[in-house]
Amino acid sequence: LCRFGINHPSCLLVDNVTDNLQYLAYQLGNIVYSIFFHPLSNVPGPWYLAASRIPYIRHSLNGSLLPWMQELHEKYGEIVRYSPNEVSDR
């Protein structure tokens, strides 16, 4: 508890920093889990695709999804992990 009172600005700042650190630790834990311990962790593909869905969304929005998936299949084989929870089969 804060020694100045619950609504004092310095107490709110400390709470906010603590919340942000907890959020970052949670996200980092999710990334580590997705890359190393997830049931799909043994499926071939770049590590950053196992950590985030952002590259998939970016390729989907700019219209380059199919060529990108073809490149992934050429490099990694018949089955490719292209996001933390998704796999593509040629």
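Not measured: the values here are computed from a predicted model.
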- Show the numbers, then the answer: is there a side-chain contact (heavy atoms from CB on, under 4.5 Å) between Y82 and V87? CA-CA 6 Å; Y82 63 89; V87 172; 5.5 Å; no
Measure the [atom1]-[atom2] distance between [X] and [Y] for me, rounded to the nearest 0.5 Å.
| X | Y | atom1 | atom2 | answer |
| --- | --- | --- | --- | --- |
| D89 | H73 | CG | NE2 | 7.0 Å |
| M69 | S64 | CE | OG | 11.0 Å |
| E74 | R90 | CD | CZ | 6.0 Å |
| Y76 | S88 | OH | OG | 14.0 Å |
| I35 | R81 | CD1 | CZ | 8.0 Å |

Give the table of side-chain donor-acceptor pairs shorter than 3.5 Å for residues 39-49, with sequence neighbours excluded, one pair per line with atom names and distance.
residue	atom	partner	partner atom	Å
S41	OG	H38	O	2.9

- Check whether any side-chain heavy atom of Y23 sits under 4.5 Å from a side-chain heavy atom of Q27, and report yes or no.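 When only atoms from C-beta onward are counted, Q27 and Y23 do touch, with a gap below 4.5 Å.
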- Message: Are the side chains of K75 and Q70 in contact, using a 4.5 Å heavy-atom criterion?
- Response: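 A side-chain contact under 4.5 Å is absent here.
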- Residue list, ring-ring contact (aromatic ring centres under 6.0 Å, His included) with H59, at least two apart or on another chain: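 Here the qualifying residues are W68.
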- Message: Given 3.5 Å as the limit, does a donor-acceptor pair link the side chain of S34 with the main chain of N30, or not?
- Response: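 Yes; judged by distance alone, with no hydrogens or angles, the pair exists.
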- Query: Within a radius of less than 6.0 Å around CD1 of I57, do more than 12 heavy atoms belonging to other residues, nucleotides or ligands occur?
  - Reply: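 Yes.
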